[in-house]
Chemist: 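I am attaching a structure below and will ask some questions about it afterwards.
Being a predicted model, the structure only gives us computed values, none of them experimental. Index from 1, following the sequence.
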Amino acid sequence: MAATQRRSRKIMMTPDELDEFLATQRTCRVATVSSDGAPHVSALWFAWDGTSLWLYSIVRSKRWADLRHDTRVAAVVDSGEGYGELRGVELSGTVDFVGEIPRTGEPCPELDALEPLFARKNFGLETMPHDGRHAWIRLTPSRTVSWDFRKL
């Protein structure tokens with residue numbers, strides 16, 4: 001169960017607003033912890049299934065190496081230009097690796113609904129184009145903080 005947001009409750013998103021926002025946004029910024037303790041932030045496409053943020057990462061990336069060493073992560077999805085338009089969410093917790101590494105399309109029931117969702121959202125395709133370089137990371141957040149300055 002995700003921790004409840006304590007600050008700024010008047011601008012936090014409702015669960016329905018949060019789902020709609022994460023379903024329509026495409027890019028998040030993922031913060032990992034390097035082996036020397038330094039933070040590393042990178043942009044990545046994602047899919048939201050209503051419970052978890054799914055990241056499709058290159059397995060030979062610094063992000064992947066960081067997460068194999070330390071599964072703690074935070075991801076931010078935000079939008080807006082002017083102050084009164086800003087809205088977003090930070091999701092944090094630990095990740096799980098799902099499916100084969102790298103992903104080649106072997107049957108994996110956990111990915112049956114997710115891969116078509118990701119493929120439609122990010123590639124305009126009905127099936128996932130596996131390239132043998134990426135694999136799935138699932139973040140089921142233990143803490144979620146959201147904001148929508150349009151509510152001010």
Chemist: Let me check something: any side-chain donor-acceptor pairs from residues 89-96 under 3.5 Å, sequence neighbours excluded? List them with distances.
Modeler:
unit_1	atom_1	unit_2	atom_2	d
Asp96	OD2	Arg138	NH2	3.4

Chemist: If hydrophobic clusters are built by linking Ile, Leu, Val, Met, Phe, Trp and Tyr wherever their side-chain heavy atoms come under 4.5 Å apart, do Trp64 and Leu139 end up in the same one?
Modeler: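 Yes; Leu139 is reachable from Trp64 via cluster members.
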Chemist: Nearest heavy-atom pair of Ile137 and Ser57: which atoms, and what distance?
Modeler: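 So the two residues come closest at CD1-CB, 3.7 Å.
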Chemist: For the atom pair NE2 (His40) and OG (Ser35), what is the distance rounded to the nearest 0.5 Å?
Modeler: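 His40 atom NE2 to Ser35 atom OG measures 12.0 Å (nearest 0.5 Å).
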Chemist: Atom CZ of Arg87 and atom CD of Gln25: how far apart are they, to the nearest 0.5 Å?
Modeler: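 CD of Gln25 is found 6.0 Å from CZ of Arg87.
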Chemist: Give the minimum heavy-atom separation between Val77 and Cys28, together with the two atoms involved.
Modeler: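 Taking every non-hydrogen atom into account, CG2-CB, 3.5 Å.
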Chemist: May I ask you to decide whether Arg150 forms a salt bridge with Glu85, counting only side-chain N to carboxylate O separations under 4.0 Å?
Modeler: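 No, this pair does not count.
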Chemist: Minimum heavy-atom separation for Ser34 to Lys62, with atom names?
Modeler: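 For Ser34 versus Lys62, the nearest heavy atoms are OG-NZ, 2.7 Å.
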Chemist: Mind running side-chain contact (heavy atoms from CB on, under 4.5 Å) on Thr32 and Ser42 for me, showing each step along the way?
Modeler: CA-CA 9 Å; Thr32 58; Ser42 57; over 6 Å; no
Chemist: Side chains of Glu20 and Met13: closer than 4.5 Å at any heavy-atom pair?
Modeler: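 The answer is no, as the side chains (C-beta and beyond) never meet within the 4.5 Å cut-off.
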Chemist: Treat each ILVMFWY residue as a node, draw an edge where side-chain heavy atoms are under 4.5 Å apart, and state whether Val30 and Phe118 are in one component.
Modeler: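 Unlinked, Val30 and Phe118 end up in two clusters.
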Chemist: Can you find a heavy atom in the side chain of Val98 that is under 4.5 Å from one in the side chain of Cys108?
Modeler: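 Counting from C-beta outward, Val98 and Cys108 do come under 4.5 Å.
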Chemist: First locate atom CG of Leu55, then atom CZ of Phe97, and finally report the distance between them rounded to the nearest 0.5 Å.
Modeler: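 Separation between the atoms: 10.0 Å.
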Chemist: For Asp78, what residues pass the salt bridge (Lys or Arg N to Asp or Glu O under 4.0 Å) criterion, not counting sequence neighbours?
Modeler: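 In terms of salt bridge (Lys or Arg N to Asp or Glu O under 4.0 Å), with neighbours along the sequence ignored, Asp78 is linked to Arg29.
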Chemist: Would you please test Leu111 and Arg103 for side-chain contact (heavy atoms from CB on, under 4.5 Å) and show each step?
Modeler: CA-CA 11 Å; Leu111 300 173; Arg103 180 84 173 125; 3.4 Å; yes
Chemist: Give, for atom NE2 of His134 and atom CD1 of Ile101, the distance between the pair rounded to the nearest 0.5 Å.
Modeler: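 The distance works out to 13.5 Å.
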Chemist: Could you list the residues that satisfy salt bridge (Lys or Arg N to Asp or Glu O under 4.0 Å) with Arg68, not counting sequence neighbours?
Modeler: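 Salt bridge (Lys or Arg N to Asp or Glu O under 4.0 Å) list for Arg68, sorted by chain: empty.
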Chemist: Under the side chain to side chain donor-acceptor pair (under 3.5 Å) rule, collect the residues that match up with Thr104, sequence neighbours excluded.
Modeler: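 Testing Thr104 for side chain to side chain donor-acceptor pair (under 3.5 Å), a comparison that skips the adjacent residues, returns Glu100.
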Chemist: Can the ring centres of Tyr56 and Trp136 be said to be less than 6.0 Å apart?
Modeler: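 Judged by ring-centre distance (under 6.0 Å), Tyr56 and Trp136 do meet the cut-off.
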Chemist: Considering non-hydrogen atoms only, spot the tightest contact between Pro116 and Asp112 and give its length.
Modeler: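 Smallest interatomic distance, heavy atoms only, reads CD-O, 3.1 Å.
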Chemist: May I have the step-by-step check of side-chain contact (heavy atoms from CB on, under 4.5 Å) for Leu152 and Lys10, ending in yes or no?
Modeler: CA-CA 8 Å; Leu152 292 175; Lys10 70 181 178 180; 4.0 Å; yes
Chemist: In terms of hydrophobic clustering (I, L, V, M, F, W, Y; side-chain heavy atoms under 4.5 Å; direct or indirect links), are Leu67 and Trp54 co-clustered?
Modeler: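 No: no chain of side-chain contacts under 4.5 Å links Leu67 to Trp54.
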Chemist: Is there a continuous path of hydrophobic side-chain contacts, each under 4.5 Å between heavy atoms, that joins Leu44 to Val33?
Modeler: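 In one cluster: no.
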Chemist: For the CG atom of Asp148 and the CE atom of Met12, what is their distance to the nearest 0.5 Å?
Modeler: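 Asp148 CG to Met12 CE: 11.5 Å, rounded to 0.5 Å.
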Chemist: Do NZ/NE/NH1/NH2 and the carboxylate oxygens of Lys151 and Glu17 come within less than 4.0 Å?
Modeler: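 Yes, charged N to carboxylate O under 4.0 Å.
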Chemist: Under a 4.5 Å side-chain heavy-atom rule over Ile, Leu, Val, Met, Phe, Trp and Tyr, are Leu114 and Val59 clustered together?
Modeler: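 Different clusters.
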Chemist: Which residues pass the salt bridge (Lys or Arg N to Asp or Glu O under 4.0 Å) test with Glu81, sequence neighbours left out?
Modeler: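 Glu81 satisfies salt bridge (Lys or Arg N to Asp or Glu O under 4.0 Å) with no residue once adjacent residues are dropped.
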Chemist: Do you know the tightest heavy-atom contact between Phe46 and Asn122?
Modeler: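 Residues Phe46 and Asn122, closest heavy atoms: O-ND2, 3.6 Å.
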Chemist: Please identify each residue that fulfils salt bridge (Lys or Arg N to Asp or Glu O under 4.0 Å) with Arg26, with sequence neighbours left out.
Modeler: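 Checked Arg26 against salt bridge (Lys or Arg N to Asp or Glu O under 4.0 Å); zero matches.
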